[in-house]
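Let me begin by presenting the structure, written as structure tokens, before commenting on it.
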Amino acid sequence: MRKYIILLLFVALMLACVRLPFVKQTPTPLPGWRSPVYQLLLEDSSFPEGWKDEFPNETEKDPTINHVYRIWGRGYLPGTVEQSIQRAYTEERAIKTYQNLQSQFTPTPSVFDDVFIPLESPEEVSFVSEVADEWKFACGWQTIPFCVLIARYRNYTTEMRLALETEDILNPGELTDGLTYLEIENVLQEVDLKFSEFLIQNPQ
């Protein structure tokens, strides 16, 4: 009996010292893992005069928060811009997040939509990031005209919905409230610059 107990203890000790192949190891955090994610959100200066942050959230400054969100607008005017950023622990998880967000590009029309135009890449906006690992941008019309950006930079995924200023289909000669194509292109460049600088400061 005593030999049996000693043998069991020996086997248990050996197993504790050996890294079993079926035990999944925790991956090493990517560079910048504990940098506050909110610092990657756009600033008011990224928008034309009059646009400002209308959804401030002090808790987002906590570096442990992995999902941050912000809304910009012009007070009483209806057009807004929304941005969210999600940080994943691994690049593989960020890829899945990016893939899941692709449903934004195939919205389902509802009975409440006076106008519905499927999202597609506009000729008026030519900018495409050369830094992002994945990038998709398109504009359409669902009750109001808007554009959507979904981009992945390493283990960060950002999603934007931007109200578009264009001729109102329901009221010819009038403009909808939002950003012009040129202003939207400038915003896209600002997004790319934010992440590009971050990646340079936190190389793999």
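Since this is a predicted model, take the numbers as computed values, not measurements.
In this structure, Arg152 contributes its side chain and Arg154 its backbone to a donor-acceptor pair below 3.5 Å. When atom types are taken as modelled, the side chain of Glu174 and the backbone of Glu167 share no donor-acceptor pair closer than 3.5 angstrom. The backbone N or O of Tyr89 sits nowhere less than 3.5 Å from a side-chain atom of Asn155 that would complete a donor-acceptor pair. The backbone N or O of Ser84 sits nowhere less than 3.5 Å from a side-chain atom of Glu159 that would complete a donor-acceptor pair. Listed for the Asp113 side chain is no donor-acceptor partner under 3.5 Å among the backbone atoms of Pro109. Looking at Thr143, its side chain never comes within 3.5 Å of a backbone N or O of Val115 through a donor-acceptor pair. At least one donor-acceptor pair closer than 3.5 Å links the side chain of Asp53 to the backbone N or O of Phe55. Gln142 contributes a side-chain N or O that, together with a main-chain N or O of Thr108, makes up a donor-acceptor pair within less than 3.5 Å. Here the side chain of Thr176 pairs a donor or acceptor atom with the backbone of Thr166 at under 3.5 angstrom.
Note that the CZ atom of Phe195 and the CD atom of Glu190 stand 13.0 Å from one another [nearest 0.5 Å]. To the nearest 0.5 Å, atom CG of residue Asp114 and atom CH2 of residue Trp141 are 10.5 Å apart. With rounding to the nearest 0.5 angstrom, the CZ atom of Phe105 is 4.0 Å from the CD1 atom of Ile150. Rounding to the nearest 0.5 Å places OG1 of Thr97 at 10.5 Å from CD of Glu134. How far CD of Glu82 is from CZ of Arg161: 7.0 Å, rounded to the nearest 0.5 Å. A distance of 10.5 Å separates OG in Ser129 from CD in Gln189, rounded to the nearest 0.5 Å.
A pairwise comparison of heavy atoms in Ala163 and Asp177 identifies CB-O, 3.7 Å as the closest pair. Val131 approaches Ser196 most closely through the heavy-atom pair CG2-OG, 3.4 Å. In terms of heavy-atom proximity, Pro203 sits nearest to Pro31 at O-CG, 3.2 Å. Of all heavy-atom pairs between Glu183 and Leu179, the closest is OE1-CA, 3.4 Å. Taking all atoms of both residues into account, the shortest heavy-atom contact from Leu42 to Arg70 is O-NH1, 3.1 Å. The two atoms that bring Leu40 and Gln83 nearest to each other are O-NE2, 4.2 Å, heavy atoms only.
Enclosure of atom CD in Gln204 by more than 12 non-hydrogen atoms of other residues, nucleotides or ligands within 6.0 angstrom is indicated.
The same ILVMFWY cluster, assembled from side-chain heavy atoms under 4.5 Å apart, contains both Leu188 and Val128. Criterion: ILVMFWY side-chain heavy atoms under 4.5 Å apart, direct or through other members. Under it, Leu119 and Val81 are not part of a common hydrophobic cluster. By the rule that hydrophobic residues join a cluster once side-chain heavy atoms approach within less than 4.5 Å of another member, Leu30 and Val37 end up as members of separate clusters. Follow the hydrophobic side-chain contacts under 4.5 Å out from Phe127 and you reach Met160 in the same cluster. The cluster map of Ile, Leu, Val, Met, Phe, Trp and Tyr, joined by side-chain heavy atoms under 4.5 Å apart, puts Ile95 and Leu199 in different clusters.
Within the 4.5 Å cutoff, the side chain of Glu54 has no heavy atoms near those of the Trp72 side chain. Inter-residue side-chain proximity for Ile85 and Thr157 is flagged as unmet; no heavy-atom pair is nearer than 4.5 Å. Taking 4.5 Å as the limit, some side-chain heavy atom of Leu41 sits within range of a side-chain heavy atom of Val68. Two residues are said to be in side-chain contact when any heavy atoms from C-beta on lie closer than 4.5 Å; Val148 and Phe137 fail this criterion. Between Tyr181 and Cys139, some side-chain heavy-atom pair lies under the 4.5 Å cut-off.
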Test side-chain contact (heavy atoms from CB on, under 4.5 Å) applied to Asp168 and Leu175, step by step: CA-CA 5 Å; Asp168 193 333; Leu175 295 176; over 6 Å; no

Please test Phe198 against Tyr153 for ring-ring contact (aromatic ring centres under 6.0 Å, His included), starting from the C-alpha separation and ending with a verdict. CA-CA 10 Å; Phe198 175 80; Tyr153 295 83; 9.7 Å; no

Would you check, one step at a time, whether the test salt bridge (charged side-chain N to carboxylate O under 4.0 Å, His left out) holds for Glu43 with Lys194? CA-CA 10 Å; Glu43 306 290 344; Lys194 278 269 189 182; 3.4 Å; yes

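For Trp51 and Asp44, the side-chain atoms include no donor-acceptor pair closer than 3.5 Å.
Figure legend: Arg87 and Trp33 shown as a cation-pi pair, the cationic atom lying under 6.0 angstrom from the six-membered ring centre and within 45 degrees of its axis.
Between Tyr98 and Trp135, the distance from one ring center to the other does not fall under 6.0 angstrom.
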